[in-house]
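Step one of this worksheet: look at the structure below.
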Amino acid sequence: MKRYQTLADDIARSIRQGLLRPGQRLPSVRQASAARKLSPATVFQAYYLLESQGLVRPRARSGYYVSEHVHALLPEPDAASAPDGESRAVDISALVFEVLESAMARDIVPLGSAFMSPSLFPLAKLGRAMAHEAVHLDPRSTVDDLTPGNAELRRHIALRYRIGAVELGINDLVVTNGAIEALNLCIAATTRPGDAVLVESPCFYVALQTLERHGLHAVEVPTHPREGIELGALDAAIRRRHAPKACWLMTSFQNPLGASMPEAKKRELVELLARHELPLIEDDVYGELHFGARRPLPAKAFDTRGLVLHCSSFSKTLAPGYRIGWAAPGRYAQRVARLKLTNTLATCVPAQLAIARYLQRGGYERHLRGLRQTLRLQQAAYLEAVARYFPSGTRVTRPDGGYFLWIELPPDRDALALQRQAAQRGISIAPGPIFSAHRGHGHCLRLNYGHALDARVDAALKVLGELSAARSAPA
């Protein structure tokens with residue numbers, strides 16, 4: 001982050017922790033400049049940013065003051081989940097579809113959506129790139145590199161990994177129809193029906209649906225809401241009688257928790273799984289949406305045995321509808337490529353060419369910087385609104401990236417009942433039980449802050465807070 005952003009973050013944290021209280025005056029620009037050894041212009045930028053977030057207000061000839069309406073943030077969840085550790089067949093799709101079907105209409109407030117606002121993507125620029133490629137399409141490109149994907153696109157993807165200190169080459173990558181196909185191919189390459197797969201608790205419902213579709217069993221492992229899966233519990237689960245054949249994790253900005261494993265822990269994870277010769281399917285679709293100075297290294301960066309099958313896509317950062325993802329399957333590359341050949345053969349060539357052209361012309365990193373900043377600001381606004389509206393006893397995560405908040409309501413609340421009540425009022429949420437093979441996390445929910453907190457969304461959060469304040473009866 002730039003220096004003014006760092007200063008603004010420090011002040012915002014002090015406000016939300018109650019160290020700076022509503023109505024309290026901030027240090028003058030001169031005082032802050034001297035204390036932090038920053039230029040007055042940098043301090044002004046920080047105060048302007050805080051003003052845009054609604055955290056401070058200027059008073060004529062007096063300075064900047066903490067806004068009167070600012071509430072201290074709610075505490076974060078501080079304990080790992082406690083699943084029963086049993087291996088069970090997954091039967092979650094019916095519940096997931098029931099919840100998702102109530103959130104499909106455009107007039108629904110999309111707090112339960114898995115997608116951020118489409119207005120945040122450079123769709124016009126991508127459209128121009130697509131039009132150019134369609135007009136100037138080389139006929140041979142429609143059959144070149146069908147299964148592995150367009151070589152130029154793979155080169156750009158590999159280059160981004162190399163810049164981020166992950167050693168991947170063009171031939172290590174298979175382009176897929178979004179990350180979902182990449183993950184499906186990788187799970188098919190490493191398991192057979194009836195096998196057990198280790199997953200986080202809570203776990204993204206698409207992962208559970210994939211296991212269900214492939215006839216696999218899920219073993220949920222305790223997961224900390226900030227630092228991800230518990231390695232001791234993971235080792236114990238591997239050693240138990242279930243004989244798992246794969247492990248499926250999101251190591252950065254996990255959906256739904258937002259948890260991100262520290263890099264040292266990712267290294268330990270890879271070493272642990274290597275000792276057991278257990279493949280790791282790494283879902284890293286949110287890695288580019290970091291709020292820190294650099295993208296966190298994926299587990300793949302520490303893989304020396306080819307046991308990490310790394311998957312990602314452009315769907316969360318650039319072009320959700322283009323369905324361009326990829327896999328770096330390590331030692332399973334040939335198996336994944338053959339499965340791709342027999343399943344879908346190829347990924348849409350014009351979409352690949354359009355994204356390759358967009359990357360070639362530059363601007364992707366600039367787009368990402370703007371997107372990350374927008375999400376940071378929206379997260380701050382949502383956290384403040386949740387603190388204002390939700391009942392005492394609520395806990396909420398504060399992830400360092402992605403666009404989801406995980407909310408733990410008081411234990412006697414029913415998130416499924418809350419979801420039905422909210423749907424009747426035109427509000428979608430993602431209740432905790434859809435993130436668990438055993439329908440756990442019944443008092444929890446996931447909120448999407450990838451949409452601007454306008455008056456309509458603010459009113460929806462207020463309604464959710466009011467509904468959450470009462471013990472939820474079945475809707």
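Both backbone and side-chain heavy atoms feed into the values below; hydrogens, waters and symmetry mates do not.
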Any side-chain heavy atom of Glu408 sitting closer than 4.5 Å to one from Thr394? no

Check step by step if side-chain contact (heavy atoms from CB on, under 4.5 Å) holds for Leu74 and Arg395. CA-CA 6 Å; Leu74 294 171; Arg395 291 177 176 267; over 6 Å; no

Could you tell me how the ring of His367 sits relative to the ring of Phe121: parallel (under 30°), tilted (30 to 60°) or perpendicular (over 60°)? tilted

Within-4.5 Å side-chain heavy-atom neighbours: Ser468 and Leu418: yes

Partner set under ring pair (Phe, Tyr, Trp, His ring centres under 6.0 Å) for Phe204, not counting sequence neighbours: none

Can you list the steps and then say if Tyr364 with Arg160 is a side-chain contact (heavy atoms from CB on, under 4.5 Å)? CA-CA 11 Å; Tyr364 184 43; Arg160 288 192 66 79; 3.6 Å; yes

With sequence neighbours excluded, residues passing side-chain contact (heavy atoms from CB on, under 4.5 Å) with Gln373: Gln5, Leu49, Arg376, Leu377

Should the heavy atoms of other residues, nucleotides or ligands under 6.0 Å from NZ of Lys125 be counted, would the total exceed 12? no

Would you tell me whether Arg155 and Asn150 have side-chain atoms, one donor and one acceptor, within less than 3.5 Å of each other? no

Please verify the inter-ring angle class for His441 with Trp406; under 30° counts as parallel, over 60° as perpendicular, anything in between as tilted. perpendicular

In the structure I gave you, are the side-chain heavy atoms of Glu152 and Leu353 within less than 4.5 Å of one another anywhere? no

With Pro202 as reference, evaluate Pro433, Cys444, Pro256 under the side chain to side chain contact (heavy atoms under 4.5 Å, CB included) test and give the passing residue. Pro256

Going through the checks in order, is the salt bridge (Lys or Arg N to Asp or Glu O under 4.0 Å) test met by Asp195 and Arg192? CA-CA 6 Å; Asp195 286 343; Arg192 294 180 178 179; over 6 Å; no

One thing to verify: whether Asp400 and Arg226 come together as a salt bridge, which I'm taking to mean a side-chain N less than 4.0 angstrom from a carboxylate O. yes

Would Arg372 and Glu365 pass as an ion pair if we require N to O under 4.0 Å? yes

So that I can tick it off, tell me whether Arg240 and Glu86 are bridged by a salt bridge, with the cut-off set at under 4.0 angstrom between side-chain N and carboxylate O. yes

Candidates Phe115, Tyr286, Tyr449, Phe253 - the one meeting ring-ring contact (aromatic ring centres under 6.0 Å, His included) with Tyr403: Tyr286

Tell me whether Leu168 at atom CG has more than 12 heavy atoms from other residues, nucleotides or ligands lying less than 6.0 Å away. yes

For the atom pair NE2 (His276) and SG (Cys247), what is the distance rounded to the nearest 0.5 Å? 11.0 Å

The test is side-chain contact (heavy atoms from CB on, under 4.5 Å); show your working for Leu447 and Leu464 and say whether it passes. CA-CA 11 Å; Leu447 288 186; Leu464 285 179; 4.1 Å; yes

For Arg361, does the CZ atom have more than 12 heavy-atom neighbours from other residues, nucleotides or ligands under 6.0 Å away? no

Give, for atom CD of Gln209 and atom OG of Ser93, the distance between the pair rounded to the nearest 0.5 Å. 4.0 Å

Is any side-chain heavy atom of Cys203 less than 4.5 Å from a side-chain heavy atom of Asn255? no

Does atom CZ (Arg331) have a neighbourhood of more than 12 heavy atoms from anything else shown, all under 6.0 Å? yes

Taking the side chain as every heavy atom from C-beta outward, state whether Pro320 and Phe314 have any pair of such atoms under 4.5 Å apart. no

Residue pair Gln360 / His156, side-chain donor-acceptor N/O under 3.5 Å: yes

Is there a donor in the side chain of Glu220 and an acceptor in the side chain of His438, or the other way round, less than 3.5 Å apart? yes

Would the number of heavy atoms belonging to other residues, nucleotides or ligands and lying under 6.0 Å from CZ of Phe302 be above 12? yes

Within the 4.5 Å heavy-atom criterion, are Trp248 and Glu282 side-chain neighbours or not? no

